[in-house]
2 protein chains.
Amino acid sequence: MNNYSKQREAILDVMKENLVHPTAEEIYQLVLEKEPQISKSTVYRNINILVELGEIKKLNMTIGPDRYDYLYKEHSHAICEKCGNIFDFYYNFNKDEISKELLKQIGNNMDINSITIYGICEDCKSNNKK
Amino acid sequence: MNNYSKQREAILDVMKENLVHPTAEEIYQLVLEKEPQISKSTVYRNINILVELGEIKKLNMTIGPDRYDYLYKEHSHAICEKCGNIFDFYYNFNKDEISKELLKQIGNNMDINSITIYGICEDCKSNNKK
DNA sequence: CTTAAAATTAGGAACCATTCCTAATTTCGG
DNA sequence: CCGAAATTAGGAATGGTTCCTAATTTTAAG
């Protein structure tokens, strides 16, 4: 099972130890502490491989660079479109019913990977300097 | 009310006429037909202004450049993380209950703007050349 | 109208995040 | 071991987007 390169292992370790939705750059900085010679392209390449393998999840941001999440436990995300803050939360979406609706409406039997809430957080509502 | 520049009007018109989730580049190409001298920076700047004003919505993609949607009617999106296809659909998410859960779990009274499903579409499941 | 201030523009440079390229190194299977 | 396959470091290249500037357009007031 452990047939990853040590660089890829180090990246996955960083993700497990930092459940804070880091950007690729932040992952790179953290991995540097374990593997000081690692290159940024290796980090990007392995992040993509880990996403492809389903080990980590890419979070699609409205602002700023993409972020990544280690899936220690199933959860959803609520993302503030103004400040980019990501909140983990649990909600029992009725995926079966949503799947059925999708099939009915779009004629496509999708596999649902995740459900994300986009909105405006409390701070951004009150700090509304516009 | 019509105190938009003609360039901004043209962009909004293009969005109303093309409910196909275009990228910024595609919007630029379409607007060129109406305003042949428009520059790409004007398109980007006005897209951002229209998003800020809530006239159009930015869709956060797992792959490829961001896409935009004119909100002719409230709907949700199901996005394929592999091919980037976007499907419009209607589902009566219980936003009040979700809001309450968010407040309880993350202690933040967010305004929910949209709920997006990320998954793998039927085609990408069967065309799985991996 | 005239005019000054404010907003917007075109065009291109700059920027940032990410991917691609290459030659060298490491890992894997037999 | 040994050859093939995978991975790496490092840097160049790319793509998408934002920023800068001087010129133009729009707006509001007189």
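FYI, side chains are in, hydrogens and waters are out, and symmetry mates aren't considered; it's all heavy atoms of this structure. Every chain is numbered from 1 and lettered A, B, ... according to where its sequence line falls, protein lines coming before strand lines.
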_As a quick check of understanding, evaluate side-chain contact (heavy atoms from CB on, under 4.5 Å) for A:I11 and A:L50, giving each step before the final call._
CA-CA 9 Å; A:I11 291 168; A:L50 292 170; 3.8 Å; yes

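Residue B:Q7 places at least one side-chain N or O under 4.0 Å from the OP1 or OP2 atom of C:dA10. In this model, the phosphate group of C:dT19 is not approached by any side-chain N or O of A:Y44 to a distance below 4.0 Å at OP1 or OP2. Between A:S5 and D:dT8 there is a side-chain polar atom (N or O) within less than 4.0 angstrom of OP1 or OP2. At D:dT18, one or more side-chain N or O atoms of B:N48 fall inside 4.0 Å of OP1 or OP2 (strictly under the cut-off). Between D:dG10 and A:S39, no contact under 4.0 Å exists linking OP1 or OP2 to a side-chain N or O. Put simply, A:T42 has a side-chain N or O that comes within less than 4.0 Å of OP1 or OP2 on D:dA9.
Counting to the nearest Å, the P atom of C:dT9 and the OH atom of B:Y28 are 14 Å from each other. Rounded to an integer number of Å, the gap from B:D66 CG to C:dT18 C1' is 14 Å. The CZ-C1' distance, from B:R45 to C:dG11, rounds to 12 Å in whole Å. Remark: P of C:dA24 and CD of A:Q37 are 19 Å apart, rounded to the nearest angstrom. A:R67 places its CZ atom 11 Å from the P atom of C:dA17, with the value rounded to the nearest Å. Atom CG in A:N46 sits about 8 Å away from atom P in D:dT7, given to the nearest Å. In this structure, A:M61 atom CE and D:dT17 atom C1' are separated by 17 Å, rounded to whole Å. Rounding to whole angstrom units, CD1 of residue B:I38 and P of C:dT9 are separated by 7 Å.
With the end axes of the helix from C:dC1-D:dG30 to C:dG30-D:dC1 each set by five pairs, the angle from one to the other reads 40° at 10° resolution.
Shortest non-hydrogen contact noted between B:T23 and B:Y68 is C-CD1, 4.5 Å. Closest approach of A:H21 to A:R67, counting heavy atoms only: O-NH1, 2.7 Å. Nearest heavy-atom pair, A:D69 versus A:M15, reported as atom, atom and distance to 0.1 Å: N-CE, 3.8 Å.
Nearest-nucleotide assignment on DNA chain D puts the 5′-proximal partner with A:I49, out of A:I49 and A:K40.
Between B:Y91 and B:F93, the distance from one ring center to the other falls under 6.0 angstrom.
At a threshold of 4.0 angstrom between heavy atoms, the contacts of A:S41 include nucleobase atoms, whether or not backbone atoms are also involved. Within 4.0 Å of A:E25, counting heavy atoms only, lies no atom of the nucleic acid at all.
The CG atom of A:N109 lies 5.5 Å from the CG atom of A:L103; values are rounded to the nearest 0.5 Å.
Using the six-membered ring where Trp is involved, B:Y72 and B:H75 have ring planes that are tilted, between 30° and 60° apart.
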